[in-house]
Amino acid sequence: MPVMVASENGRRGIEAAMTFLREGGSALDAVELACRIVEDDPDDHSVGYGGLPNVLGEVELDASIMDGATLRAGAVAAVQGYGRAITLARKVMEETPHVLVVARGAERLAAELGESPQDQRTEEALQRWRERFGERGLTPGVTENLHSVARILTQPLNLQDKIYKAARVDTLGTVNFIALDGQGNLASAVSTSGLGWKYPGRVGDSPLIGAGNYCDNRYGAAACTGMGELAIRAATARSLVLYLKCGLSLVEAGRETLRDLLALDAAEGQYMNIVTLTPAGEHAGFSTVPGKQYLFQCAEMDEPQLADRLMLE
Ligand code: ASP
């Protein structure tokens, strides 16, 4: 019965979590475990330790987790100094009456829970930051440069375009996992360092329940990767699950969600991907652009497989 789906960069996480699910583990523990593996990997530049910094050279992490059995959810955003954002998100869900705790509050919560702060920047990520911004006279974390940063980010469209085109090539990325366990429970988790070179404090869709993550045992779950502003504006993850609730098939629900996304005036290079899994174990991936894939693994499979994400016909 167990099934998992993930974004393309989730291979190691899905493998470990599937072993755990086969042994009777819960979907909620499985998605947290899977996320942590990617968060700890310094070679993944879009999640956790080693994630690409913001425009000031600081790594700010976002994550969310949702339990399809209870509809409880937890999330953190713009957290600095703690790499396992998904575990902090789960703590928000289980140990506070809140859903979303951000920045200094989330860092305080981590410290109160006994975590030690640690710089999440790898030399490689900093080097990429220096190559991009060092020549503009910026120094990591130096706030008097914020004025120049603001100018860079508010340049007319052609420079914005450059930033987003670069984003398409190498500064987007997030990991997400959805699991269905042997008890028939669904859970979903999303973790990211967000858009590389983002404005400080910018929060994408990943920690926003309903935008980048939604999970309901009764109908299904959905999680997003891509230009988060689009999924926020279209309430993408919740929309897909709501279309399932309204009786659409999985493919129809995904395509309806894509229609909502394509109605937005997305700039060239801005795209959105969705993975989805139902309580019956049916899965699919969707994208607003061609050539995107996702990973899935059912209990009887030796390893995860890639499948194409569907587009609007
Ligand atoms: N959705 C993430 C964000 O906007 C980035 C990504 O998935 O590539 O923060």
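Start at 1 and go down the list; that is how both ligands and their atoms are numbered. Worth knowing before you read on, the calculation uses all heavy atoms, side chains too, and leaves out hydrogens, waters and symmetry mates. Every value quoted in this text rests on a predicted model; they were computed, and no experiment measured them.
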Sub-4.0 Å atoms of ligand 1 with respect to non-hydrogen atoms of Asp205: 1 (N), 2 (C), 3 (C), 4 (O)
N or O contact, Gly194 vs ligand 1, cut-off under 3.5 Å: no
From CA spacing to verdict: side chain to side chain contact (heavy atoms under 4.5 Å, CB included), Phe286, Asn273: CA-CA 6 Å; Phe286 299 91; Asn273 300 321; over 6 Å; no
From the candidates Ile232, Leu230, Thr174, the one that places a heavy atom nearest atom 2 (C) of ligand 1: Thr174
Interatomic distance, Ser193 atom OG to Leu52 atom CG [nearest 0.5 angstrom]: 6.0 Å
Sub-4.0 Å heavy-atom approach of Gly173 to ligand 1: yes
Salt bridge Arg104-Glu107, side-chain N to carboxylate O under 4.0 Å: no
Heavy-atom nearest option to atom 4 (O) of ligand 1, drawn from Met227, Glu229, Arg202: Arg202
Identified side-chain contact (heavy atoms from CB on, under 4.5 Å) partner of Arg90 from the options Asp67, Val76, Asp29: Asp29
Candidate list Ile65, Thr96, Val101, Leu113, test side-chain contact (heavy atoms from CB on, under 4.5 Å), partner Lys91, passing option: Leu113
